[in-house]
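Some notes on the structure that comes next.
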Protein chains: 2
Amino acid sequence: MAWSEVHKQTSRLKILDSAAVLFMEHGFDHIGINDVMQHAGLTRGAFYNHFSSKAELYREAILRAAKVSSEGVAKQSNGCVKTMVDTYVDVNHRNGTAFRCPLAFLTTDIHHQDDDVRNVYTQIFKRLLGVLSQGDTNTLAPEVIEKSILMVGSIAISRAINDEELAQAILKTCRDKVKEGFESA
Amino acid sequence: MAWSEVHKQTSRLKILDSAAVLFMEHGFDHIGINDVMQHAGLTRGAFYNHFSSKAELYREAILRAAKVSSEGVAKQSNGCVKTMVDTYVDVNHRNGTAFRCPLAFLTTDIHHQDDDVRNVYTQIFKRLLGVLSQGDTNTLAPEVIEKSILMVGSIAISRAINDEELAQAILKTCRDKVKEGFESA
DNA sequence: GTCTATAAAGGGATAGAC
DNA sequence: GTCTATCCCTTTATAGAC
């Protein structure tokens, strides 16, 4: 690959990483192209050499955030599902430290977006169902669905409310409930 | 009360009802003052005789939507908690027909707002905990928290995903789970 | 490939007539 | 109290120099 090609790919990834962090934290409408490019160390004009629109950036940023998020969880949990749940349903996730799962950070934002974005969200949710079903082919078993809603819902709702004590209680309760039935490492 | 006073209160309520519907359905950023006023049958210029800012309107609209929502649920359920859950965790709620609970429709929008808005959201959530605790003073019992997350989370997440079949499965599973332990009417 | 400059559109808020 | 007209700022997207 030529130098200019490498340079372009590097810039693209920087833009994508910045977008992933900023969109998850502040939502689609509160982040402009300018914010993303400044965070990436570039200027606004260069954006359209990498993405055709803000909407396209959003789609790719969600996938990027999901990748970073699932890799971050996997790294800490070493394949143990109970530890994975502990890492996901945690105050550090709620506060946006380390990683930010788009399922929980963008829940209601997604409903206002077009079908392309909603498809991406749906695919990521189905991946979570796959992980929770633990090899069982029935990803729609009641326990699997219930646990997925508790995981995503507890993070999303604990982020919305303005009461630290209640937020902590929500996280602890849901964390314990989701871990029920999984084998210890 | 003088005629002009009555007129003003009538206009104010029309604005508030329009704002409640539009904000719940499309979110804070996708609805302008103009949209709200047109929906209410008025023009933009008249808005600031009733509210001092868009943010103030948002706070009041959330409270209004919560009131409409809880009254709508109560009306259909006649005091029976199981029926209340059936009405709330339903595809008609998911699709925004009839009523729209701000807890589930604005979950991630709220995190981006100021403390006043987040306080309102938190108070509404605590009211739900009170209803689910059924007179028991311990609104932070694990079952109460768990049920509240399943109710709000199932509506919020089923609205985000783009797969009708999965959405229906989520609603049915969570509805059944939340009803466990409550007495039939 | 990245920069500066600018076009074009949208929306919050205010002024003043009636 | 409600209307029309307007100010002003933000933001997406494009044009053209280097």
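Values below: all heavy atoms of this structure, side chains included; hydrogens, waters and symmetry mates excluded. Order of the sequence lines sets the chain letters (A, B, ...), proteins ahead of strands, with each chain counted from 1.
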Contact list please: residues 6-17 of chain B against DNA chain D, heavy atoms, distance less than 4.0 Å, in numerical order.
His7(B), Lys8(B), Ser11(B)
Whole angstrom is fine here: how far is it from NE2 in His30(A) over to P in dT12(D)?
12 Å
Residues Phe28(B), His30(A); criterion ring-ring contact (aromatic ring centres under 6.0 Å, His included); working and verdict:
CA-CA 11 Å; Phe28(B) 182 78; His30(A) 292 167; 7.5 Å; no
Short question: side chain of Asp116(A), backbone of Asn119(A) - any donor-acceptor pair under 3.5 Å?
no
Mind checking if Ile31(B) touches a base, just sugar-phosphate, or nothing, with heavy atoms under 4.0 Å?
sugar-phosphate
Please give, in whole Å, the distance from dT12(D) P to Ile33(A) CD1?
5 Å
Nearest to the side chain of Arg44(A), which nucleotide is it out of dA13(D), dC3(D), dG1(C)?
dA13(D)
Which of these passes side chain to side chain contact (heavy atoms under 4.5 Å, CB included) with Ile155(B): Leu171(B), Val91(B), Thr107(B), Ile170(B)?
Leu171(B)
Without decimals, in angstroms, what is the distance between Asp29(A) CG and dT12(D) C1'?
13 Å
d(CE, Met37(A); C1', dT11(D)) in whole Å:
15 Å
Select from Ala55(A) and His50(B) the residue whose nearest nucleotide in DNA chain D is closer to the 5' end of that strand.
His50(B)
note: Leu57(B), atom CG; dA13(C), atom P; distance rounded to Å ~ 10 Å
Would you please indicate if the ring centroids of Phe47(A) and Phe51(A) are separated by under 6.0 Å?
yes
Atom CZ of Phe47(A) and atom P of dC3(C): how far apart are they, to the nearest Å?
14 Å
N-O pairing of Glu25(A) and Arg100(A) below 4.0 Å
yes
To the nearest Å, how far apart are Lys54(B) NZ and dT10(D) C1'?
13 Å
So what does Gly32(B) hit on the nucleic acid, given a heavy-atom distance under 4.0 Å: a base, only sugar-phosphate, or nothing?
sugar-phosphate
Take the protein atom CZ of Phe51(A) and the nucleotide atom P of dT14(D), then report the distance between them rounded to whole Å.
15 Å
Looking only at dA13(C), dC3(C), dG1(C), the nucleotide nearest the Tyr48(B) side chain is dA13(C)
Nucleotide nearest Glu5(B) when distance is taken to its side chain, options dA13(C), dG1(D), dG1(C):
dG1(D)
With Lys147(B) as the cation and Phe182(B) as the aromatic partner, state whether NZ or CZ is under 6.0 Å from the six-membered ring centre and within 45° of the axis.
yes
Other residues, nucleotides and ligands only: do more than 12 of their heavy atoms fall within 6.0 Å of CG on Asp115(A)?
yes
